[in-house]
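Accompanying notes for the structure given below.
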Amino acid sequence: MTSEAPFNILVTGANGDIGRAVVALAISKGHCVFACLRDELQQKNFVPNERLRFLKMDLENVESVRSAYRQLDVDLAAQPLNCVIHCAAIQSPSCVEFMDPAHLEQTLRVNTIGTMVVMQEAFGRLRTSRGNLVIASSLWGLVSGPAVAPYAPSKWALEALIHTARCETRGMGFHITTVNIGAVRSKMLDAHVVSVKQMVAGGSEQMRSLYGERFAKHIVAAKLLEPLAATVVKVACTLLKIAAKQQPRTRYTLGIDAKVVRVISWLLPQRVMDKILSG
């Protein structure tokens, strides 16, 4: 598979900011795209194109993921699936001391277990085509900090799952690549800030007393980082370039913040990192 040759690509989370950008860019380059949507009504957010097809996929439902892949096989009509770009995930902030266990369970079902099923279904198909599985992970798969529970735990678990899968499938002819993405200048960043504010406002008086100031600093830091955040187009271009490589690396770090944090987390003691990340 080369970047010059059109190929068949499956994009999960296609209705998200990054997913839509990946779909649009891939189509512009002549690729055939199978866009996975949780709700069929989301199709209205896309410009119709003969190279764009839709699949219904809800990562919270294992059978929904498997059903989407079965429909993909029908739509491909014996053509190869050359790559999967996995963008789907959910994110909503919480505070560990006051987090509802159901909140963590739902996030793990989508971000970790759902991704596992996406991987399981992709392996055999990509083994046949000698293709690439590109998983859009996060800076919060490398470190953690205030207000990113349960998202960060789901990404840490995902990192281990991916590493295990790479070791188990080594030499089988396809590649699994993790992309740790930092802040992205998009609706997602704005939504995170709004969600943190709502979490604090809707929390108990005790939670606000104990954590309000810390979460306020987190919001300030997020807004300060916004000018350094990668654009959605930059992220989409990077994901698509990786997907088209014959020998992609096992990991890429995208964004100034993600690159800096990755380096200093190697160099600094954990106590110092905790102080930096907690504000």
What about the rings of F34 and F54, do their centers lie closer together than 6.0 Å? no
Is the count of non-hydrogen atoms from other residues, nucleotides or ligands lying under 6.0 Å from Q79 atom CD greater than 12? yes
Atom CZ of residue position R185 - does it have more than 12 heavy atoms of other residues, nucleotides or ligands inside 6.0 Å? yes
Using a 3.5 Å cut-off and no angle test, enumerate the donor-acceptor pairs between side-chain atoms of residues 202-210 and protein atoms at least two apart in sequence or in another chain.
{"residue": "S204", "atom": "OG", "partner": "M207", "partner atom": "N", "Å": "3.1"}
{"residue": "R208", "atom": "NH1", "partner": "A201", "partner atom": "O", "Å": "3.4"}
{"residue": "R208", "atom": "NH1", "partner": "G203", "partner atom": "O", "Å": "2.5"}

Between V134 and L10, is there shared hydrophobic-cluster membership here, with clusters defined by ILVMFWY side-chain heavy atoms closer than 4.5 Å? no
Taking side chain as C-beta onward, heavy atoms only, is L139 less than 4.5 Å from D257? yes
At their closest point, which heavy atom of L126 faces which heavy atom of F174, and how far apart are they? O-CB, 3.7 Å
side-chain contact (heavy atoms from CB on, under 4.5 Å) between T231 and V184: does it pass, once the steps are laid out? CA-CA 6 Å; T231 65; V184 180; over 6 Å; no
Do T253 and R262 pair up side chain to side chain, a donor and an acceptor below 3.5 Å, judged on atom types alone? yes
Check whether V65 and V84 end up in the same hydrophobic cluster, where Ile, Leu, Val, Met, Phe, Trp and Tyr are linked by side-chain heavy atoms less than 4.5 Å apart. yes
What one should report as the nearest heavy-atom pair of N180 and S138 is ND2-O, 2.8 Å
Is any NZ, NE, NH1 or NH2 atom of the basic residue among D73 and R125 found under 4.0 Å from an Asp or Glu carboxylate oxygen of the other? yes
List the atom of Y151, the atom of I90, and the distance in Å for their closest heavy-atom pair. CD1-O, 3.3 Å
Would you say N132's side chain and A243's backbone share a donor-acceptor pair under 3.5 angstrom? yes
Exam field: side chain R66 to backbone V62, donor-acceptor pair closer than 3.5 Å: no
Any pair counted as salt bridge (Lys or Arg N to Asp or Glu O under 4.0 Å), so long as it reaches residues 82-110, sequence neighbours left out: E60-R109
Looking only at heavy atoms, which two atoms of S144 and V148 are closest? And how far apart? OG-CG2, 3.6 Å
Got more than 12 heavy atoms from elsewhere within 6.0 Å of NZ, K234? no
Between N61 (side chain only) and S64 (backbone N and O only), is there a donor and an acceptor less than 3.5 Å apart? yes
Between atom CD of Q198 and atom OG of S92, what is the distance when rounded to the nearest 0.5 Å? 11.0 Å
ILVMFWY network linking V232 to I181, side-chain heavy atoms under 4.5 angstrom: yes
How far apart are the C-alpha atoms of C237 and L25, what are their side-chain angles, what is the distance that settles it, and do they pass the side-chain contact (heavy atoms from CB on, under 4.5 Å) test? CA-CA 7 Å; C237 286; L25 183 62; 3.6 Å; yes
Does E159 pair with K155 as a salt bridge, N-O distance under 4.0 Å? no
About how many Å separate CE of M119 and OG1 of T164, when rounded to the nearest 0.5 Å? 8.5 Å
For the pair S154 and W140, evaluate side-chain contact (heavy atoms from CB on, under 4.5 Å) and give the outcome as yes or no after the intermediate values. CA-CA 9 Å; S154 74; W140 300 116; over 6 Å; no
Would you name the heavy atoms of H103 and P93 that are closest together and state the gap between them? CE1-O, 3.5 Å
Just do the side-chain contact (heavy atoms from CB on, under 4.5 Å) check on N45 and N15 with the steps written out, would you? CA-CA 8 Å; N45 298 327; N15 192 54; 2.8 Å; yes
On a heavy-atom basis, the closest approach of R166 and I176 is CD-O, 3.3 Å
Going only through I, L, V, M, F, W and Y residues with side-chain contacts under 4.5 Å, is there a path from L277 to L268? yes
Same cluster for I219 and M199 if Ile/Leu/Val/Met/Phe/Trp/Tyr side chains link at under 4.5 Å? yes
Distance (rounded to the nearest 0.5 Å) between L81 CG and D75 CG: 11.5 Å
